[in-house]
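Notes follow once the structure below has been shown.
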Number of protein chains: 2
Amino acid sequence: MAESATRRVSEAPRTAVGRDGVLDIAARLFREQGYGTVSLRKIAEAAGIKAGSIYYHFGSKDEIVVAVLDVGIQVVHDNMQQAVSALPKDTGAETILRAAIAAHLRALLDLSDYTSANVRIFGQVPQSVRDANLPTRRAYEAEWDTLMSRLQERGALKPDVDIRRLRLMLIGALNATLDWFDPERGSAEALSRTYADVFLNGILERQDT
Amino acid sequence: MAESATRRVSEAPRTAVGRDGVLDIAARLFREQGYGTVSLRKIAEAAGIKAGSIYYHFGSKDEIVVAVLDVGIQVVHDNMQQAVSALPKDTGAETILRAAIAAHLRALLDLSDYTSANVRIFGQVPQSVRDANLPTRRAYEAEWDTLMSRLQERGALKPDVDIRRLRLMLIGALNATLDWFDPERGSAEALSRTYADVFLNGILERQDT
DNA sequence: GTCTATACGAAGATAGAC
DNA sequence: GTCTATCTTCGTATAGAC
């Protein structure tokens, strides 16, 4: 992922944004405007360089897009993995799932233009680009499946829920927040609590009865 | 909405597909390929006419897209409204919500290229096109809000859930199925039951305790 | 590492014949 | 209602100077 700590915002840099700088800008534009309307000329302009110069760093537009997509998944994957592994060994299922949900939403809504760009444009890019991003995606999906399978074996989840379908439902629901999330109406943190409330009460075995 | 009962599939029509025919084709292509990659030339070719001829029926590409988007919402709106109003007056909250969820998913996954095209491309079209589709969307959203508010007043939903947020979560989750739904892995009907199971147990007041 | 200049294709759109 | 022909703009991409 690009190191963007020193990137300028309103003032166009006169020199050497570099590969990572271009990538940061591309991710932000893809997140804001989608895939189709973001041309290399737009990316170049936002980076303060000329369109042709981009080809010093990348071989094609697709190469940029693939890089953005891959980083986007890696960020959310790392975030989720660390949030879960930071918990004590004897942590309950509900707390684990709440941490994973919160980590996913945090990466998507607060942390990373790369992750939000991925969710926003994945359905818009050429098939070849999607294919290139698939292995990285699969790894993240497997992380969720492993987590939920462990919880199910523990007896913490209803035994009849299909893990794959549950993962698709949950991730799909979380990613959909990108279309309407407004930080002025409440934090991503608060939102993740609501999602956990709704999903967990449908997923967890009832303690009473 | 276009009358497509007699539309040919593999054989290119030699004449007069008409405005509705063009619209049907456009909806199908938008659903399959997204907004950016579907050109007027592609639509024309699939319709068996030349690109220039489209301008006899429509003033611009945007005009086609707006028409597709509007019909897409109208179809799912009608479907949901009828499914709910067909129920007896004293029907319980759970049955009502299950019917509404099933109707939404049916329109999206089984019934209409227009509805699936809407969900697929709304995030890809120019702002002006989104704005044109907004009133129709608002009406459908209001339908859901009215339904759920009534149920909440009845005491059927937890009193602390925010209706607007709940609607965004639910519709967002349902629409996300478009990205991965595979009829060979189970029907839309079965899928709607799973969604109802998960959401209702988080939404409905617990009967026990 | 970035520039200028340019090749090439594809897009939306229009005009007038049939 | 549809065709042919064409205009104009904008996209990705390349070549060679600095």
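Below, read A as the first sequence line, B as the second, and so on, with proteins coming before strands; counting in each chain starts at 1.
Here the P atom of nucleotide D/dG11 and the CD atom of A/Gln33 are 11 Å apart, to the nearest Å. The CD1-C1' distance, from A/Ile54 to D/dA15, rounds to 17 Å in whole Å. Following rounding to the nearest Å, A/Ile43 (CD1) and D/dC10 (P) show an atom-to-atom distance of 17 Å. In this structure, the CG atom of A/Leu40 is 14 Å from the P atom of C/dC3, given to the nearest Å. The CD1 atom of A/Ile64 sits 14 Å away from the P atom of D/dG11 (whole-angstrom rounding). Between A/Phe58 atom CZ and D/dT14 atom P there is a gap of 15 Å when expressed in whole angstrom units. What separates CD of B/Glu63 from C1' of C/dA13 is a distance of 13 Å, to the nearest Å.
A cation-pi contact, defined as under 6.0 Å to the ring centre and within 45° of the axis, is absent between B/Arg167 and B/Tyr140. Remark: A/Lys61 is positioned above the aromatic ring of A/Tyr35, its terminal NZ or CZ atom under 6.0 angstrom from the ring centre and at most 45 degrees off the axis. Remark: A/Arg137 qualifies as a cation-pi partner of A/Phe122 under the 6.0 Å distance and 45° angle criteria applied to the six-membered ring.
Closest to the side chain of A/Ser60, from the set D/dG1, D/dA13, C/dG12, is D/dA13. Of all nucleotides listed (C/dA13, D/dG1, D/dC3), D/dG1 comes nearest to the side chain of B/His57. Closest to the side chain of B/Tyr56, out of D/dG1, D/dT12, C/dG12, is D/dG1. In this structure, of D/dT2, C/dC3, C/dA13, it is D/dT2 that holds the atom nearest to the side chain of B/Ile49.
Within the structure, every side-chain polar atom (N or O) of A/Ser53 is placed at least 4.0 Å from both OP1 and OP2 of C/dG1. Put simply, B/Ser39 has no side-chain N or O that comes within less than 4.0 Å of OP1 or OP2 on C/dA10. In this structure, A/Tyr55 does not reach the D/dT14 phosphate: none of its side-chain N or O atoms is under 4.0 Å from OP1 or OP2.
Taking 3.5 Å as the limit, the base of C/dA10 and the side chain of B/Arg41 contain no donor-acceptor pair of atoms between them.
Counting non-hydrogen atoms under 4.0 angstrom, A/Lys50 reaches a base of the nucleic acid.
Two rings, from B/Phe199 and A/Phe199, have their centers less than 6.0 Å apart.
No donor-acceptor pair closer than 3.5 Å links the side chain of A/Ser53 to the backbone N or O of A/Ile49.
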